[in-house]
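Data block below; observations after.
Here is the naming used below: chain letters follow the sequence lines, and residue numbers restart at 1 for every chain. For the numbers below, each heavy atom of this structure counts, side chains included, while hydrogens, waters and symmetry mates do not.
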There are 2 protein chains.
Amino acid sequence: MFLSKRCLHGLRAVLYLALHDSDRAFTPIQEISDRLNIPFHFLTKILHDLGKADILISSRGAAGGVALQRPASELNALLVIDALEGPHFLRSCVLGFDACSSLAPCALHSQWEAARACILNMFSGESLADIAGRIETEEAFLQALRVERKD
Amino acid sequence: MFLSKRCLHGLRAVLYLALHDSDRAFTPIQEISDRLNIPFHFLTKILHDLGKADILISSRGAAGGVALQRPASELNALLVIDALEGPHFLRSCVLGFDACSSLAPCALHSQWEAARACILNMFSGESLADIAGRIETEEAFLQALRVERKD
DNA sequence: TTATATTCAGACTTTTTTATCTGAATATAA
DNA sequence: TTATATTCAGATAAAAAAGTCTGAATATAA
């Protein structure tokens, strides 16, 4: 699996919010957990981290929950991935050499630079609103919610 | 980190062999472990797995060790990655939906297909010999050998 | 004010990945 | 044959990631 479960859960939750944000001020984490089949306490931590990364805001107490901090049209998937996988995930040397740089490139340096640009562009080139707009029926989105494959 | 340590160790070991294969019939794992600073027993398992994947051959006993099963010009990095990360690593749905397919695509399906093609092409588009040929001085290759960053 | 619904925070447990250890099998050379 | 150098195989240990639990803090509404 390319992205960690943590990150997949975060991405899905944020897309869920992008689809439902307009309904009310805050969406309870319990609702997201139920609909997307993500363990509640685990999701709570993940969303808390997205709060620290200024992607979500939250409110405690009755009628509380989480919401996107900005409109979905001003957020993108890369922000979520960076917050949950860490900033080095797609940015460090593909052969894992700490010292790799354009001045002292590894044997895949320029190749990886190009491939990475593809990936970064994919995740940052369109907004969460754009992505959510392609979720044709919410039914399909919700039905697909199992992260079960063991790889 | 994009690739697991297991996979990085395997890739580096295979590149080491591509650089030294011509010297003798077999290269002892201990030598690779020493030069590349990879834990010996861990490397042994990794290379054993590459043997099962028909990338390496091995010989026990004195003067034994491992060697590339085919010339480095007929092997590529993707073979190693598939053997060590598993076949699903770059091929399953980027949002982790088991049911995702071109008939029932997730919201990033076609985007991921394009980005993935970039990555697969990078890893399979040139041979291990090509990559090893860009390792300018072995000194630089060996010096860079620490997988220490915690991400 | 009190009951309820929620996030926040941190300790804990489980699972997976990474790494180590030990002994058996086997090939070579003296 | 014997000593030595090596991989093979499986058990174990350590570290990291994934997931759970509990209680505190806080906001709303009756």
Counting the atoms with a prime plus P, OP1 and OP2 as sugar-phosphate, which does B:Ile29 contact under 4.0 Å by heavy atoms, base, sugar-phosphate, or nothing?
sugar-phosphate
Donor-acceptor pair under 3.5 Å: do we get one between A:Arg6's side chain and the base of D:dA18?
no
With a cut-off of less than 4.0 Å, is there a side-chain N or O of A:Ser58 near OP1 or OP2 of C:dC8?
yes
Classify A:Gly65 by what it touches in the nucleic acid, base, sugar-phosphate, or nothing, heavy-atom distance under 4.0 Å.
sugar-phosphate
Quick one: which of D:dT7, C:dT20, C:dT28 gets closest to the side chain of B:Ala63?
C:dT28
Provide the Watson-Crick or G-U wobble partner of D:dG23, both distances under 3.5 Å; none if there is no partner.
C:dC8
According to the interplanar angle, ranging from 0 to 90°, do the rings of B:Phe2 and A:Phe2 count as parallel (below 30°), tilted (30 to 60°) or perpendicular (above 60°)?
perpendicular
C:dA19 phosphate, OP1 or OP2: any side-chain N/O from B:His9 under 4.0 angstrom?
yes
Using 30° and 60° as the class boundaries, would you call the ring planes of A:His9 and A:Phe42 parallel, tilted or perpendicular?
perpendicular
With the side chain counted from C-beta on, respond yes when B:Leu8 and B:Met1 share a heavy-atom pair under 4.5 Å apart, and no when they do not.
yes
Between P on D:dA17 and CD on A:Glu85, what's the gap in Å once rounded to a whole number?
10 Å
Taking pairing as Watson-Crick or G-U wobble with both contacts under 3.5 Å, can you name the mate of D:dT1, or confirm there isn't one?
C:dA30
dist A:Arg12:CZ -> B:Cys106:SG (nearest 0.5 Å) comes out at 9.5 Å
Please pick, from C:dA19, D:dT20, C:dT7, the nucleotide with the shortest atom-to-atom distance to any side-chain atom of A:Phe42.
D:dT20
side-chain N/O B:Lys45 vs C:dA19 OP1/OP2, d < 4.0 Å
no
OP1 or OP2 of C:dA9 under 4.0 Å from side-chain N/O of A:His48:
yes
